[in-house]
A.B. asks: 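Dumping the structure here so I can ask a few things about it.
No hydrogens, no waters, no symmetry mates; every other heavy atom, side chains included, goes into these values. All ligand and atom numbering here is 1-based and tracks the order in the structure. Bear in mind that the values here come from a model prediction, so they are computed numbers and not experimental data. Counting begins at 1 with the first residue of the sequence.
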Amino acid sequence: MSTIFTKIINGEIPATIVYRDELVTAFKDINPAAPVHILIVPNKEIATVNDLAEEDERMAGRMLLAAGKLAAQEGIAESGYRLIINCNHDGGQEVYHLHMHLLGGRRLGRMVAR
Ligand code: AMP
């Protein structure tokens, strides 16, 4: 069964797609935690960071490059932003299709609640 993010990438369920290439797709988070909240997702289903393989190196790099392009596109490159990848239970991962959050557009709080 495909993940909800694969369904978005395949156009089976709607989302606001803001970037797409042969390796990654980015779309707006449905429940934004900041004025800019975009998810950058590999086109290939990879559950977590733990499941990355050597062959995914190009794609993993592309996720970062896409984040930089999107930050510029959204006008937050200079003001700043945060990139987050949650992994498994303690990381707070909810969707088991690897994704990087791009958050910005306001001053973000502490990186981790203490
Ligand atoms: P994580 O907790 O890191 O797994 O983050 C999952 C993110 O996916 C959350 O921020 C959700 O709001 C977001 N999300 C879940 N379903 C959708 C959807 N259909 N379209 C866009 N974002 C979604």
A.B. asks: Considering only NZ, NE, NH1 and NH2 on the basic side and carboxylate oxygens on the acidic side, decide whether Lys44 and Glu55 come within less than 4.0 Å.
C.D. replies: yes

A.B. asks: Would you mind running through ligand 1 and noting each atom that sits below 4.0 Å from a heavy atom of Lys28?
C.D. replies: 21 (C)

A.B. asks: Could you check whether His99 and His97 have their ring centres less than 6.0 Å apart?
C.D. replies: no

A.B. asks: Can you establish whether the number of heavy atoms outside Glu22 located under 6.0 Å from its atom CD is more than 12?
C.D. replies: yes

A.B. asks: What atoms in ligand 1 come closer than 4.0 Å to a heavy atom of Leu39?
C.D. replies: 8 (O), 13 (C), 22 (N)

A.B. asks: Taking it one step at a time, do Lys28 and Ile17 satisfy side chain to side chain contact (heavy atoms under 4.5 Å, CB included)?
C.D. replies: CA-CA 7 Å; Lys28 295 201 170 173; Ile17 292 180; over 6 Å; no

A.B. asks: Which of the numbered atoms in ligand 1 are under 4.0 angstrom from any heavy atom belonging to Phe5?
C.D. replies: 8 (O)

A.B. asks: So, does Gly92 sit close enough to ligand 1 that a heavy atom of it is under 4.0 Å from the ligand?
C.D. replies: yes

A.B. asks: Find all atoms of ligand 1 within a distance of less than 4.0 Å from any non-hydrogen atom belonging to Ile8, and give their numbers and elements.
C.D. replies: 18 (C), 19 (N), 20 (N)

A.B. asks: Heavy-atom contacts with Ile4 under 4.0 Å: which atoms of ligand 1 show up? List them by number with element.
C.D. replies: 19 (N)

A.B. asks: May I ask you to list the atoms of ligand 1 that are less than 4.0 angstrom from any heavy atom of Glu94?
C.D. replies: 1 (P), 2 (O), 4 (O)

A.B. asks: Run the numbers for me: atoms of ligand 1, each under 4.0 Å from some heavy atom of Asn31, listed by number.
C.D. replies: 12 (O)

A.B. asks: Ignoring hydrogens, what is the shortest heavy-atom contact between Arg82 and Gly109? Give both atom names and the distance.
C.D. replies: NH2-O, 2.9 Å

A.B. asks: Nearest 0.5 Å please: distance from the CG atom of Leu98 over to the CE atom of Met63.
C.D. replies: 4.5 Å

A.B. asks: Between Lys69 and Glu74, is the closest basic N to carboxylate O distance under 4.0 Å?
C.D. replies: no

A.B. asks: Decide whether the shortest distance between a heavy atom of Tyr96 and an atom of ligand 1 is less than 4.0 Å.
C.D. replies: no

A.B. asks: Using distance alone, decide if ligand 1 has a nitrogen or oxygen within less than 3.5 Å of any nitrogen or oxygen in His101.
C.D. replies: yes

A.B. asks: To which protein heavy atom is atom 10 (O) of ligand 1 closest, and what is the distance rounded to 0.1 Å?
C.D. replies: Asp29 OD2, 2.5 Å

A.B. asks: Below 4.0 angstrom from a heavy atom of Asn86, which ligand 1 atoms are there? Numbered from 1 as shown, please.
C.D. replies: 1 (P), 2 (O), 3 (O)

A.B. asks: Is the distance from the ring center of Tyr19 to that of Phe27 below 6.0 Å?
C.D. replies: no

A.B. asks: Hydrophobic cluster membership, with links at side-chain heavy-atom distances under 4.5 Å among I/L/V/M/F/W/Y: are Leu64 and Leu23 in one?
C.D. replies: yes

A.B. asks: Touching ligand 1 at all, Ile85? Heavy atoms, strictly under 4.0 Å?
C.D. replies: no

A.B. asks: Can you tell me which portion of His99 lies within the under-4.0 Å heavy-atom range of ligand 1? Options are side chain, backbone, both, or neither.
C.D. replies: side chain

A.B. asks: Below 3.5 angstrom, do we get any N/O pair linking Ile30 and ligand 1?
C.D. replies: yes

A.B. asks: Using a 3.5 Å cut-off on N or O atoms only, is Val95 in polar contact with ligand 1?
C.D. replies: yes

A.B. asks: What distance separates Arg114 CZ from Arg110 CZ, expressed to the nearest 0.5 Å?
C.D. replies: 4.5 Å

